[in-house]
Amino acid sequence: MSDQLSPIDRAKYASAHCAADFVQDGMRVGLGTGSTAAWMVRRLGARVQQEGLRIIAVPTSTRTAQLAREVGINVVSLDEARWLDLTIDGADEFDAELTLIKGGGGALLQEKIVATASDQMIVITDAAKEVKTLGAFPLPIEVIPFGWQATRALVEEVLASVDVMGRQSSLRMNGDKPFVTDEGNYILDLALGRIANARQLSLVLNQVPGVVENGLFVDIADIVVIGHADGTCELRDLTSGTPEITTRQVDLGIARNIFSDL
Ligand code: 5RP
């Protein structure tokens, strides 16, 4: 049955499964959003059911909260948990320093708050998302609906002061209406092409009135788990500054049980 998964889904599953092994009994865990994170949530749910793993979890979106509850994970708010041991989440792009672009699923604000309120963040991904220079994936920024067109014009203006290739932005849509985030905001996707200095860009964007947060994660992620379609996953741990690399093999047969529930 796992053969029915596409190569990309097998890679995402392998990564999610590997990362879920980092979760230990008693931990407070942040749960990311997106298709890779959904595999991880299902795997954690299976561990709760099969091993009696006791965790409390803070989801980063209503979608993830719903899935986590469905698979039997104890969900609490970040205010109830106060601080987290670990957050596991996907990404849209990552570079060698583990700077990320996130927000493809529109949950960047809660994802950033939750990851920042965690001792450790593990990124789960497939190899195709690794880039030398960030920016091919459009950078999402969350903006307040009030005066969003003025905010957009200001964002495009300030982009002239930083080293990026493009400056065009587009309002994310959901059918013929603007996409609305869990926090009631809009998303602008910035077609930058190349981001020379993510730290600087992040600071500049967040100074524009109306911008709530941007999808650049700088100095937040510690470990990346890169899944491959053959079930191997490569772990790169940057906690000590220089990457420590290990490889593991995941049993893709287990995907069968999870997949049959979908
Ligand atoms: C959601 C995100 C996701 O983590 C990112 O879009 C990756 O998603 P997927 O695992 O489906 O490829 O940032 O806001």
Side-chain angles (χ1 to χ4, degrees), residues 5-20 29-44 57-68 78 86-95 98-116 118 121-131 134-143 172-174 178-191 195 198 202 205 212-218 220-229 233 250 255 258-259 262:
L5 293 176
S6 68
I8 202 83
D9 277 331
R10 290 205 298 273
K12 287 180 176 189
Y13 174 83
S15 159
H17 185 109
C18 252
V29 186
L31 305 176
T33 295
S35 55
T36 320
W39 286 117
M40 177 272 299
V41 172
R42 287 185 171 275
R43 173 66 189 148
L44 283 181
V58 175
T60 52
S61 62
T62 50
R63 265 172 295 158
T64 298
Q66 191 184 340
L67 177 62
L78 183 56
L86 171 66
T87 286
I88 306 177
D89 199 353
D92 299 300
E93 271 186 2
F94 69 99
D95 69 9
L98 288 194
T99 303
L100 318 174
I101 289 184
K102 282 187 54 56
L108 69 97
L109 179 56
Q110 291 189 13
E111 290 173 336
K112 207 172 201 174
I113 293 170
V114 168
T116 308
S118 305
M121 180 191 187
I122 299 179
V123 182
I124 46 179
T125 179
D126 56 88
K129 292 174 175 174
E130 180 165 20
V131 295
L134 296 167
F137 190 92
L139 176 67
I141 59 171
E142 183 152 343
V143 300
R172 192 176 297 181
M173 302 297 287
N174 183 8
F179 172 90
V180 178
T181 70
D182 279 350
E183 298 298 323
N185 297 316
Y186 291 168
I187 298 274
L188 293 176
D189 290 301
L190 311 184
I195 299 170
S202 177
L205 287 171
V212 183
E213 193 46 87
N214 69 78
L216 286 166
F217 282 45
V218 183
I220 297 177
D222 306 285
I223 296 175
V224 61
V225 181
I226 305 164
H228 299 279
C233 56
V250 165
I258 297 177
F259 192 51
L262 291 175

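Just so you know, these numbers use all the heavy atoms, side chains as well, and skip hydrogens, waters and symmetry mates. Counting starts at 1 for both ligands and their atoms, following the listed order. Just so it is clear, the model here is predicted, and its values are computed rather than measured.
D182 and T62 are linked by a side-chain donor-acceptor pair at a separation below 3.5 angstrom, with hydrogens and angles left out of the test. For the residue pair T33/T64, the side-chain donor-acceptor check at 3.5 Å is satisfied.
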Check your understanding: Going through the checks in order, is the side-chain contact (heavy atoms from CB on, under 4.5 Å) test met by L205 and L190?
Key -> CA-CA 11 Å; L205 287 171; L190 311 184; 4.0 Å; yes

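Within 4.0 Å of ligand 1, protein heavy atoms belong to K12, T33, G34, S35, T36, D89, G90, A91, D92, K102, G103, G104, G105, G106, A107, E111, K129, listed by chain and number.
With rounding to the nearest 0.5 angstrom, the OG1 atom of T99 is 10.0 Å from the CD1 atom of I195. Of the inter-residue distances, the one linking R43 atom CZ with I88 atom CD1 reads 11.5 Å to the nearest 0.5 angstrom.
When the side chain to side chain contact (heavy atoms under 4.5 Å, CB included) test is applied to A221, the partners found at least two apart in sequence or on another chain are L98, L100, M121, V123.
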